[in-house]
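These notes concern the structure reproduced below.
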Amino acid sequence: MEFIDTLDTLERERFLKALRLRERGVEPYPPRVTRTHTIAETREQFEQGKDLGAVTLVGRMTANRWTGKITFADIRDGTGRIQLFLRQDNLGAETYKDFLKDFDLGDFVQASGTLFKTKTGEITVQVAEIIMLAKAVAPMPEKFHGLTDKETRYRQRYLDLMVNEEVREVFRARQRILTAMRAYLDRSGFIEVETPALQPLYGGALAKPFTTYHNELKRDLYLRIADELYLKRLLVGMFERVYEISKDFRNEGVDATHLPEFTMMECYQAFGDLSDMMKVVEDIFVECALAAQGALQITYGEHQVDLTPPFARVAMRDAILEKTEIDIYVDDTFDALNARIEEKHLRVEPQLSWGKLVEKLFGAYVEPTLIAPTFVIDFPTDISPFAKKKPDDPRVTERFEIYVAGAEYGNAFTELNDPADQWERFMEQQGNRARGDAEAQQMDDDYVQALKHGLPPTGGLGMGVDRLAMLLTNQHSIRDVVLYPQLRN
RNA sequence: GGGCCGCUAGCUCAAUCGGCAGAGCAACAGCCUUUUAAGCUGCAGGUUCAGGGUUCGAUUCCCUGGCGGCUCACCA
């Protein structure tokens, strides 16, 4: 069995061309290239009237228009596209013929020559020499319709990136968003840290984990569902402001807004509280929107959204009251709220607690209506095991989530730092677990021990980076802002 | 996990009621010295996702499975 036996008809044809080149003493995969300018630089400098003389450009050949003894070809590099003009009279009959025979769409080439404008005004390289840099054995996707099959786009992302330029721009924008976020946090005094992805106890969020096993230690380990508890321990250790941007893993459903691994930013500010985190959220939205789109007025699907601070804020109770005419502070027990929901014939799945019912009501009747950036505050205590209770109403916590265009982008609290209260919350979670809540927190004695040493009053925030990238690049599936989204095998 | 839709040439897509498997691009053999999805002539290209069933005959109808998409539920 030879390599060539693994190739289909089209690939074989192209592979034979590579062999032919080699027979002529031309290496189809040379180790080094010459490049005097990028394509973008070439265009820019030519338009400025600069005489560049002879240039040597490199790129992938993406189009080919030949009319007998001349050929127009397009090459693209990472910066742009430019047209090549190849003429038999310039290259010589033999070389020109070899070019026609052995160069294909998709090949990386190096072209040298001088610049001119065609009669239609297009900047073009009059090619004196063209060299193969890397022979493409497999053919490119079709040039006009491109590649649209989503499965191929995700599984062979390089093809998607190769032919769909707007896809490359989405990922450039994603990188600008991350860079802007880091720059903001860095200059605001937050220190970037790294905490364990493999954890003996998972925590910091309500979610189902992935489990793995360490052979030498002979124990189960979990992939982190959040960074929270490790980051807050650092504040016990006297760091004042920390953040981490990392992958979290949750063993749950996959859909347009959920993947099993996703990127989360978490930051914690000692001597801060909820209102400080609101400022951080507003600042991050501003910085990232400007980095991604250069404007605070953005389009997301059918919505026009203005990200200019200050963002609106509304209490969970008031928002639910307005949409459903249910006052969760009147029906402030599980049984009462359940009865009220049935009485009003609202469609809410069975839940295990008052707080989860509130969360469901909110998700079904309020969340989709929150288009302009809005902080929703005062979340039920039993679904907020790490948030400090409101001093004047222990049913709810000093917690907000930020909503834009009907979706959540971040979650923040005034962090719970009372070790006794935290211990009781863990116990409550264990009760929930016993009653069948697979997402309930496990008791984390080590974390309580840390709190016993004193966590300063702290504001903490988590933001979904993929979701933010979706919002700011107008993408409606998380798979379109993640280079290699998880698919079935 | 449930419901719905899809899977045909390398890519983008057709195929009427169940009756020989088709086109464009790409490729191949040619023509053509300023093209822009270049054009023209010719030629080739298939496990119709897989397996099973019904039928004289299945891309088409039925069943099972795989993969993908949308949606509902859950979660960020």
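Naming: A, B, ... by sequence-line order, numbering from 1 per chain.
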Think A:R233 forms a cation-pi with A:Y230, using NZ or CZ under 6.0 Å from the six-ring centre and within 45 degrees of its axis? yes
Applying a 4.0 Å non-hydrogen cut-off, can you work out what A:L147 is touching in the nucleic acid: base, sugar-phosphate, or nothing? sugar-phosphate
Aro-ring/base stack A:F144-B:G24, d under 5.5 Å, angle under 30°: no
With a 4.0 Å cut-off, would you call A:R153 and A:D480 a salt bridge? yes
Under 4.0 Å between any heavy atoms, over every strand shown, what does A:Y409 touch: base, sugar-phosphate, or nothing? Just pick one. nothing
Considering every strand and a 4.0 Å limit on heavy-atom distances, what is the contact class for A:T9: base, sugar-phosphate, or nothing? nothing
Residue A:R24 excluded, over 12 heavy atoms near CZ under 6.0 Å: yes
Of the listed B:C74, B:C32, B:U34, the closest approach to the A:K69 side chain comes from B:C32
Give one of base, sugar-phosphate or nothing for A:E151, where a contact means two heavy atoms less than 4.0 Å apart. sugar-phosphate
Using atom P of each nucleotide, how far apart are B:G24 and B:G39 to the nearest Å? 11 Å
Which is true for A:K17 with a 4.0 Å heavy-atom rule: it touches a base, it touches only sugar-phosphate, or it touches nothing? sugar-phosphate
Parallel, tilted or perpendicular for A:F311 and A:F375, by the 30°/60° rule? tilted
Tell whether A:E122 reaches the base of B:U34 with its side chain through a donor-acceptor pair below 3.5 angstrom. no
Checking contacts here: which listed nucleotide (B:C32, B:U12, B:A27) is nearest the side-chain heavy atoms of A:L10? B:A27
Any side-chain N or O of A:R250 less than 4.0 Å from the OP1 or OP2 oxygen of B:C74? no
Which is true for A:L159 with a 4.0 Å heavy-atom rule: it touches a base, it touches only sugar-phosphate, or it touches nothing? nothing
So what does A:G146 hit on the nucleic acid, given a heavy-atom distance under 4.0 Å: a base, only sugar-phosphate, or nothing? sugar-phosphate
Can you tell me if CD on A:E194 sees more than 12 non-hydrogen neighbours from other groups inside 6.0 Å? no
Heavy atoms only, 4.0 Å cut-off, all strands: where does A:R155 land among base, sugar-phosphate and nothing? sugar-phosphate
Taking a pair as Watson-Crick or G-U wobble with both distances under 3.5 Å, which nucleotide is matched to B:C61? B:G53
Work out how far the P atom of B:G2 is from that of B:U60, and round it to whole angstrom. 25 Å
Quick check for you: among B:U12, B:C70, B:C28, whose closest atom lies nearest to any side-chain atom of A:E13? B:C28
Under 4.0 Å between any heavy atoms, over every strand shown, what does A:L16 touch: base, sugar-phosphate, or nothing? Just pick one. nothing
Could you work out the separation of B:U54 and B:C63 based on their C1' atoms and round it to a whole Å? 11 Å
Identify the nucleotide, in any strand shown, that forms a Watson-Crick or G-U wobble pair with B:C7, with both distances under 3.5 Å; if there is none, say none. B:G66
Closest to the A:Q83 side chain, choosing from B:U33, B:U36, B:U12: B:U36
Ignoring backbone atoms, establish whether A:T67 has a side-chain N or O less than 4.0 Å from OP1 or OP2 of B:U35. no
Starting from P on B:U35, measure out to CE on A:M61 and report it in whole angstrom. 19 Å
Check every strand shown and say whether A:Q88 touches a base, only sugar-phosphate, or nothing at a heavy-atom separation below 4.0 Å. nothing
Closer than 4.0 Å, any side-chain N/O of A:R65 to the OP1 or OP2 of B:U36? no
Work out how far the C1' atom of B:G53 is from that of B:G18, and round it to whole angstrom. 15 Å
Taking 4.0 Å as the cut-off, does a side-chain nitrogen or oxygen of A:R153 come that near to OP1 or OP2 on B:G68? no
A:K360 near the nucleic acid: base, sugar-phosphate alone, or nothing, with a heavy-atom cut-off under 4.0 Å? sugar-phosphate
What I want to find out is whether A:D466 reaches A:R174 closely enough, with some N-O distance under 4.0 Å, to be called a salt bridge. yes
Quick check for you: among B:C67, B:A76, B:U35, whose closest atom lies nearest to any side-chain atom of A:T120? B:U35
Nucleotide of B:U33, B:U34, B:A73 approaching A:D255 most closely (side-chain heavy atoms): B:A73
Determine the contact category for A:D248: base if any of its heavy atoms lies under 4.0 Å from a base atom, sugar-phosphate if only primed atoms, P, OP1 or OP2 are that close, otherwise nothing. nothing
In terms of the nearest nucleotide of RNA chain B, which residue is placed more toward the 5' end: A:D104 or A:E401? A:D104
Same-atom distance (P) from B:U48 to B:A21, integer angstrom: 10 Å
When only distance counts, do a donor and an acceptor, one from the side chain of A:D74 and one from the base of B:U36, lie under 3.5 Å apart? no
For the side chain of A:T148, starting at C-beta, report the closest nucleotide among B:G10, B:U12, B:U34. B:U12
With hydrogens left out and only the distance checked, is there a donor-acceptor pair under 3.5 Å joining A:T118's side chain and the base of B:U35? yes
Just compare B:U35, B:U12, B:U33 and give me whichever is closest to any side-chain atom of A:D89. B:U33
Using a 4.0 Å heavy-atom cut-off, does A:R467 contact any base of the nucleic acid, only the sugar-phosphate backbone, or nothing at all? base
What I want to find out is whether A:E165 reaches A:R76 closely enough, with some N-O distance under 4.0 Å, to be called a salt bridge. yes
Should A:K232 and A:E266 count as an ion pair when the cut-off is N to O under 4.0 Å? no
P-based separation of B:G19 from B:U59 [nearest Å]: 10 Å
Measuring from the side chain of A:W66 (C-beta onward, heavy atoms only), which nucleotide among B:A76, B:U33, B:G39 has the closest atom? B:G39
Which residue lies toward the 5' end of RNA chain B, A:V254 or A:H476, if each is placed at its nearest nucleotide? A:H476
By nearest atom, which of the nucleotides B:C74, B:G69, B:G10 is closest to the A:D8 side chain? B:G10
With both distances under 3.5 Å as the test, what is the Watson-Crick or G-U wobble partner of B:C28? B:G42
Applying the 3.5 Å cut-off to both distances, the Watson-Crick or G-U partner of B:A23 turns out to be B:U12
Sticking with atom C1', work out how far B:C7 lies from B:A15, rounded to a whole angstrom. 16 Å
Between B:U16 and B:A44 - C1' atom distance, rounded Å: 28 Å
May I ask you to say what A:R81 touches in the nucleic acid, namely base, sugar-phosphate or nothing, with a heavy-atom cut-off under 4.0 Å? nothing
Without swapping roles, check the side chain of A:R224 against the backbone of A:P196 for a donor-acceptor pair under 3.5 Å. yes
